[in-house]
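As structure tokens, the structure follows; a few thoughts come after it.
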Amino acid sequence: MDHDENMAVDTEEFKSEMLTRYPAKVAKKRKRQIVINQVDAGEQVPEILANSRTIPGILTMRGCSYAGCKGVVLGPTRDILQITHGPIGCGFYSWSTRRNQTRPETPDSPNYMTYAMSTDLQEDEIIFGGEKKLKAAIDEAVALFHPKAIGIFATCPVGLIGDDVHAVAREMEAKYPDINIFGFSCEGYKGVSQSAGHHVANNKVFTDVVGLDDTPKPGKFRFNILGEYNIGGDAFEIERIVAACGITLHSTFSGNSNYQEFISAHTVDLNTVMCHRSINYLAEMMEIKYGIPWFKVNFVGADATAKSLRKIAAFFGDKALMEQTEKVIEAEMVAVRKVRDEVKARCQGKKVMLFVGGSRAHHYQELFDEMGMETIAAGYEFAHRDDYEGRKVLPNILVDADSRNIEELKVEKDPERYKARKSEEEMEKMKTEGFTFNDYRGMMTEMKDKALIIDDLNHYEMEKLIEKYHPDVICAGVKEKYVVQKQGIPLKQLHSYDYMGPYAGFVGAINFYREIDRLVHSKVFKLTKAPWQDSPELTANYGWTN
Ligand code: SF4
């Protein structure tokens, strides 16, 4: 099917068809989570129901708050020793399964990311409490590793039996005053998805980590990237590019990061946000407390990368920096254009569906656009309405009972360290020149009319989508991969990148073009049906004749 044929599918009819299989109560809810896109004047898009409780038994793609806190936000930093407080499953299944890469400064520098440290709670501790065991685990970790910082991550039973990870952290910090010890109340049942864990992580990193050391990194034009987790080396590629432009990347939260970069992250002049969902809280709070402005960037897609680099250079407003940035873009784009033109000739018009986390379903549309491929359906596992519809809807978002137990911090200006990075006049001038601060337009505003937007997609709906649209490629995660491929459709994992990467930046764009070209043209997906299923009366000759 080409674009016109796709759009000829009556999406309203298709939506009703999908919903008819559900019990009435379920259909009523899913109806609000499945939206047919339409972008009106002023970038108004239809309202979507997001960040609401998962329907039991529906085979969701979602994970838990512990996964969002420990797995996503803190996991990629190499020298904060991380202890999972709970039975062994949570720590074991999240052990090195996210491909956050890291490069310790020297071979002897600490890197705890290869370990899965857990208190391995047993029945006794569930009955009599696990705090004693947690303290023993911290003693053991200190004796073995002497870390600068220890994070404790609460799992489901910890909250239920009443273990207080924060009290243990305080007590152990008094015992080891030169180690920063802090706990996260990220029990898996908090909130409705990974998203709650992001918020819990942001809060604690803000209150207990950022701002402890006022020493800036040397270098001009210093900035942070928030929400880039160095999957498959993405952050390495971004580091390479910004260094070539002459911009100083102080800290990435949290791909290829270390504790020292976190504690001094408030000394920069600019925060840029990649994954809006997981870390917009920290950007907001750092602006209020320290006066650091933030804006959204995207390093996924060569054009998006160029645009983001120009925006950062323009923020600093230095002529030489802007010129050098242009030179870097020009040089990098030579190789990008060559591969892009080649693959575009083969991939033009092919159809994509993306159902990924809380930002990639949007970011990767840039790369597909560059290849001439079209996104006909997309959705997130755990994004909120602002990620779909843009931050303009923030004042209208109601926090429901399931998310009310996630703390909203009250943040104030730091009396000594607050420093406006730009004067009000400068900020105003930049805004009139088209700069947007504290803003994210959301995924739907950049998608075509009639595209299907589905929040918290499940297996049944994925099957229906395949049946109706036969997309050329679907992007999702490992739980979906083999189910989809068994139906003859290639699936590209956009969490683990199918163990490849990087896909960010210029080199990443080239890698992605080639990979998608290979996937959509792979002959294997055309061989999923045995030949006799379509033409049962095969004739054959004997291969051996005398
Ligand atoms: S839901 Fe609970 S038990 Fe499951 S991984 Fe998350 S914290 Fe662990």
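Indexing begins at 1, ligand by ligand and atom by atom, following the structure's order.
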Fill in: Criterion side-chain hydrogen bond (donor to acceptor under 3.5 Å, both in side chains) on Arg62 and Ser193, from CA distance to verdict
CA-CA 6 Å; Arg62 283 178 173 174; Ser193 67; 4.8 Å; no
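- By the criterion of a separation under 2.8 Å, the protein N/O/S atoms near atom 8 (Fe) of ligand 1 amount to Cys90 SG.
- Between Tyr66 and Phe184, the ring center distance fails the sub-6.0 Å criterion.
- For the ring pair (Phe, Tyr, Trp, His ring centres under 6.0 Å) test, no residue two or more places apart in sequence or in another chain qualifies with Phe223.
- Tyr440 carries Lys296 over the face of its six-membered ring, with the cationic atom under 6.0 Å from the centre and within 45° of the normal.
- The closest side-chain heavy-atom distance from Asn111 to Thr102 is below 4.5 Å.
- Note that atom 4 (Fe) of ligand 1 has no protein non-hydrogen atoms nearby, at separations under 4.0 angstrom.
- A centroid separation of less than 6.0 Å is found between the aromatic rings of His198 and Phe382.
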